[in-house]
Amino acid sequence: MTEVRPSQQMRDLGVVQRGAPVLTEAARPFDLPAEQHAAEQAVDALFAAMERIGRVHPFAKGMGLAAPQIGIGRAAAAVQPPDPGAGAIVLLNPRVTEASVDVDEQYEGCLSFFDVRGMVPRPLRITVETTTLEGATVTTVYERGLARLIAHEIDHLNGMLYLSRMRSGVEPIPVEEYRQTGRSWAYDT
């Protein structure tokens, strides 16, 4: 029996893999509320993909997915926080407006190249502006692990993979060497 690599498993579940042009292009923002129907369709497609992925892989640290990762070049993403009782966060036209100078470095994975994990520095706190389906602007502050998840997805919408955020000289490690699966990101308090 042949072992299916994690990236192949994600590809089979409909996740676009590294090397696809849609992952390196800035996603097109929605004109809301005029494009409300298109935004709703993108969000529905994200939730359907997250459900498929969640059935085959547990995400103890939460999971995020950006529309380009399922082949939709629009500025939509969804994040499921690690807390089982927390509702999903929908991000339409998100942009980071403020980031803390306090940063930490943790391993991240990406569904678009799931065979490796990389040590990525991220701000411990970010302020994000999003647009509602009705066209209103909403500002939200995210901290620690949730800030990391949100920032990762916003990077996707800007055509950036976490590899470009890693410190010079630091390389991703094979998933087999990564030993933190199932544990929350560690933060100094």
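The structure presented is a predicted model; accordingly, all values stated were derived computationally and were not measured.
- By the 4.5 Å heavy-atom criterion applied to side chains, I126 and E98 are not counted as neighbours.
- Under a 3.5 Å cut-off, the side chain of N158 and the backbone N or O of M160 do not form any donor-acceptor pair.
- The OG1 atom of T132 sits 8.5 Å away from atom CD of Q36, with the distance rounded to the nearest 0.5 Å.
- Cation-pi geometry between R117 and F113 is not satisfied (NZ or CZ under 6.0 Å from the ring centre, within 45° of the ring normal).
- Between R122 and the options R144, R165, Q106, a side chain to side chain contact (heavy atoms under 4.5 Å, CB included) holds for only R165.
- Between F59 and F114, the ring-plane angle classifies as tilted under the 30° and 60° cut-offs.
- Under the 3.5 Å distance criterion, the side-chain polar atoms of R148 are matched with a main-chain donor or acceptor of V120.
- Note that CG of L91 is 10.5 Å distant from OG1 of T131, once rounded to the nearest 0.5 Å.
- Counting only heavy atoms from C-beta outward, the side chains of E177 and P174 approach each other to under 4.5 Å.
- A single hydrophobic cluster is seen to contain both L65 and M63, as judged by linkage of ILVMFWY side chains at heavy-atom distances under 4.5 Å, directly or through other members.
- From L32, atom CG reaches atom CD of E40 across 9.5 Å, with rounding to the nearest 0.5 Å.
- The nearest pair of heavy atoms linking P68 to L23 is O-CD2, 3.9 Å.
- Residues passing the ring-ring contact (aromatic ring centres under 6.0 Å, His included) test with F30: none are found, sequence neighbours excluded.
- Using a 4.5 Å cut-off on side-chain heavy atoms (C-beta onward), T140 and T127 make no contact.
- A distance of 9.0 Å separates CG of N93 from CG of D31, quoted to the nearest 0.5 Å.
- In summary, of the residues considered (Q69, R18, H156), a side chain to side chain donor-acceptor pair (under 3.5 Å) with S112 occurs for Q69 alone.
- Under a 3.5 Å cut-off, the side chain of E153 and the backbone N or O of A66 do form a donor-acceptor pair.
- Across all non-hydrogen atoms, the minimal contact from A76 to L157 is O-CD2, 3.5 Å.
- The two residues M50 and A78 have their closest heavy-atom pair at SD-CB, 3.6 Å.
- The pair E35-R74 meets the salt-bridge criterion, since a charged nitrogen lies less than 4.0 angstrom from a carboxylate oxygen.
- The two residues D115 and P6 come nearest to each other via the heavy atoms OD1-CD, 3.0 Å.
- Here CZ of R28 is found 11.5 Å from CD1 of I72. Values are rounded to the nearest 0.5 Å.
- A donor-acceptor distance shorter than 3.5 angstrom exists from the side chain of Q17 to the backbone of L111, with no hydrogens or angles considered.
- Nearest heavy-atom pair across A75 and P29 is CB-CA, 3.8 Å.
- Proximity of P94 to E129: side-chain heavy atoms (C-beta onward) are nowhere separated by under 4.5 Å.
- Here L163 contributes atom CG and D155 contributes atom CG; the two are 11.0 Å apart, rounded to the nearest 0.5 Å.
- The two residues S100 and L124 have their closest heavy-atom pair at OG-N, 3.2 Å.
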Quiz prompt | Worked check of ring-ring contact (aromatic ring centres under 6.0 Å, His included) between Y107 and Y162 | solution = CA-CA 10 Å; Y107 277 107; Y162 77 68; 9.6 Å; no
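- Crowding of R11 atom CZ: a count of heavy atoms from other residues, nucleotides or ligands under 6.0 Å exceeding 12.
- Using a 4.5 Å heavy-atom threshold, the side chains of F47 and V90 count as touching.
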